[in-house]
Protein chains: 2
Amino acid sequence: MENISENIRTQMRKGLLEYCILRILSNEEAYASSIIEALKGAKMIVVEGTLYPLLIRLKNQQLLSYRWEESTQGPPRKYYMITDKGREQLAEMDAAWNELVESINHLKK
Amino acid sequence: MENISENIRTQMRKGLLEYCILRILSNEEAYASSIIEALKGAKMIVVEGTLYPLLIRLKNQQLLSYRWEESTQGPPRKYYMITDKGREQLAEMDAAWNELVESINHLKK
DNA sequence: TTCAATACCTTGTATCACAAAGTACAAAAA
DNA sequence: TTTTTGTACTTTGTGATACAAGGTATTGAA
């Protein structure tokens with residue numbers, strides 16, 4: 001645990017990654033690398049070793065599905081898409097997130 | 001895990017409890033039960049088994065200190081207070097939280 | 001056919017929150 | 001006095017999550 005400030009951020013992120021993935025996939029299909037890029041764009045840095053198990057988890061919960069697609073450069077890609085059940089879950093997560101923000105704001109007063 | 005919605009909230013809270021404790025103690029000294037009450041007021045429900053180890057952890061990191069105080073009803077209480085180092089950490093956590101909120105907002109667009 | 005690039009996956013570890021217990025103390029009740 | 005009740009503090013075991021550091025497989029170019 002070399003960098004304390006990084007650790008704070010890592011811990012705060014916990015439990016929010018699933019939410020972020022669902023949010024990203026609510027707009028478009030994507031495969032792992034493009035999801036990582038999207039997360040980077042939001043400054044939610046994540047490594048492959050974190051993302052892959054997470055995607056598998058979400059797929060097993062039937063919140064995501066995927067299809068294989070050939071790539072022009074390299075091996076085929078697994079494109080993930082959100083399911084109806086995933087959208088329901090996303091709605092719940094939106095609510096949970098909003099409550100969390102309210103909770104923190106309440107403690108800031 | 002029986003209640004999925006609860007689990008979502010539990011996971012989202014992860015890493016934020018330390019932040020909440022420091023925020024609460026930034027205004028006033030408090031002992032465990034009163035901290036739990038404050039968290040309840042913000043709808044961040046937490047149980048003793050979570051809070052006590054957390055307080056000990058924060059104390060070992062020298063972000064908190066405490067003093068014993070007699071109680072009119074029951075055994076003495078451990079009143080915790082934030083240290084200077086704790087206030088520095090709190091400032092970092094404020095920044096981390098703000099960035100996190102921005103990250104999520106970014107993904108919502 | 002070897003190599004580099006890309007994509008996907010697995011294993012071991014640390015951290016955190018919770019559930020469910022237990023210990024210690026003080027004041028009221030028996 | 002002894003027992004009970006209420007309050008406060010603590011510990012142990014479990015499950016979930018993110019990360020680091022590896023590995024496997026496919027493709028196309030050198």
Side-chain angles (χ1 to χ4, degrees), chain A residues 1-22 29-37 39 44-61 64 66-80 93 96 100 103, chain B residues 1-21 29-37 39-40 44-61 64 66-80 93 96 100 103:
Chain A
M1 200 212 309
E2 61 304 326
N3 189 336
I4 291 179
S5 186
E6 256 324 294
N7 191 43
I8 291 173
R9 284 166 175 74
T10 295
Q11 294 307 325
M12 282 191 177
R13 268 202 297 269
K14 262 194 188 179
L16 288 172
L17 273 181
E18 289 196 3
Y19 178 42
C20 292
I21 307 302
L22 291 182
E29 298 181 7
Y31 72 108
S33 294
S34 59
I35 291 173
I36 288 178
E37 282 310 304
L39 289 170
M44 294 275 295
I45 311 303
V46 166
V47 296
E48 287 187 324
T50 299
L51 185 59
Y52 281 102
L54 203 158
L55 290 172
I56 292 168
R57 223 155 59 220
L58 292 174
K59 189 215 59 175
N60 289 340
Q61 294 177 255
L64 300 182
Y66 69 81
R67 60 181 172 73
W68 286 99
E69 184 168 313
E70 298 296 320
S71 167
T72 55
Q73 39 186 6
R77 299 166 174 175
K78 246 181 177 172
Y79 274 82
Y80 283 90
M93 285 180 157
L100 190 59
S103 292
Chain B
M1 188 67 64
E2 60 305 330
N3 189 334
I4 291 179
S5 186
E6 255 325 292
N7 190 44
I8 290 173
R9 285 167 173 74
T10 296
Q11 293 307 326
M12 281 191 177
R13 268 201 296 269
K14 261 194 186 176
L16 288 172
L17 273 181
E18 289 197 3
Y19 179 40
C20 292
I21 306 303
E29 298 182 6
Y31 73 109
S33 295
S34 59
I35 291 172
I36 288 179
E37 283 310 303
L39 289 170
K40 260 188 198 155
M44 295 275 295
I45 310 302
V46 166
V47 295
E48 288 187 321
T50 299
L51 184 60
Y52 281 100
L54 204 160
L55 289 172
I56 292 169
R57 222 155 60 221
L58 292 174
K59 188 214 59 173
N60 288 341
Q61 294 177 258
L64 299 182
Y66 69 82
R67 59 180 173 77
W68 286 99
E69 184 169 313
E70 297 298 317
S71 167
T72 54
Q73 39 185 5
R77 300 165 173 174
K78 247 180 176 173
Y79 274 82
Y80 283 90
M93 285 180 156
L100 190 60
S103 291

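Hydrogens, waters and symmetry mates are skipped; everything else that's a heavy atom, side chains included, is used. Labels below follow one simple rule: chain letters A, B, ... track the order of the sequence lines, proteins then strands, and each chain is numbered from 1.
Taking atom NZ on K78(B) and atom P on dA24(C), their separation rounds to 14 Å, with Å as the unit. The interatomic distance linking I36(A) (CD1) with dA18(D) (P) rounds to 13 Å, in whole Å. Put simply, CH2 on W68(B) is 11 Å from P on dA8(D), counting in whole angstrom units. As rounded to whole Å, 14 Å separates atom P of dT17(D) from atom CG of L51(A). The NZ-P distance, from K14(A) to dA14(C), rounds to 13 Å in whole Å. One can place CZ of R13(B) at 16 Å from P of dA16(D), the figure rounded to the nearest angstrom. Nucleotide dT15(C) holds its C1' atom 12 Å from the CD atom of Q61(B), rounded to whole Å. In this structure, the CD atom of Q73(A) is 12 Å from the C1' atom of dA7(C), given to the nearest Å.
Smallest separation of non-hydrogen atoms from W68(B) and P76(B): CZ3-O, 3.7 Å.
At a cut-off of 3.5 angstrom, counting only N and O atoms as typed in the model, there is a donor on one side and an acceptor on the other between the side-chain of E48(A) and the base of dC8(C).
In this structure, S71(A) reaches neither bases nor backbone, as no heavy-atom distance under 4.0 Å exists between it and the strands shown. Contact annotation for P53(B): base contact, defined as any heavy-atom pair under 4.0 Å involving a base atom.
Where R77(A) and T50(A) each meet DNA chain C at their nearest nucleotide, the meeting point lying more 5' is that of R77(A). With DNA chain D read from its 5' end, the first of the two nearest nucleotides for P76(B) and L16(A) is the one closest to P76(B). The 5' end of DNA chain D is approached more closely, in terms of each residue's nearest nucleotide, by V47(A) than by the other of E70(A) and V47(A). Each of G74(A) and I56(A) was assigned the nucleotide of DNA chain C with the nearest heavy atom; the assignment lying further toward the 5' end belongs to G74(A).
Between the CG atom in L39(B) and the OG1 atom in T50(B) there is a gap of 10.5 Å [rounded to 0.5 Å]. From K78(A), atom NZ reaches atom CG of L55(A) across 8.5 Å, with rounding to the nearest 0.5 Å. To the nearest 0.5 angstrom, I56(A) atom CD1 is 11.5 Å from L64(A) atom CG. In this structure, CD on E18(A) lies 5.0 Å from CG on L54(A), to the nearest 0.5 angstrom.
For Y52(B), no side-chain nitrogen or oxygen approaches OP1 or OP2 of dT11(D) to under 4.0 Å. A close approach under 4.0 Å does occur between a side-chain nitrogen or oxygen of R57(A) and OP1 or OP2 of dT17(D).
Two rings, from Y66(B) and Y79(B), have their centers 6.0 Å or more apart.
Here dC19(D) is the nucleotide among dC19(D), dC18(C), dC9(C) with the atom lying nearest to any side-chain atom of L17(A). Closest approach to the Q11(A) side chain among dC16(C), dT7(D), dT6(C) is made by dC16(C) (side chain taken as heavy atoms from C-beta onward). Counting only heavy atoms from C-beta on, P75(B) has its side chain closest to dA24(C) among dT17(D), dA7(C), dA24(C). In this structure, the nucleotide among dA17(C), dT17(D), dT11(D) sitting nearest to the side chain of E18(A) is dT17(D).
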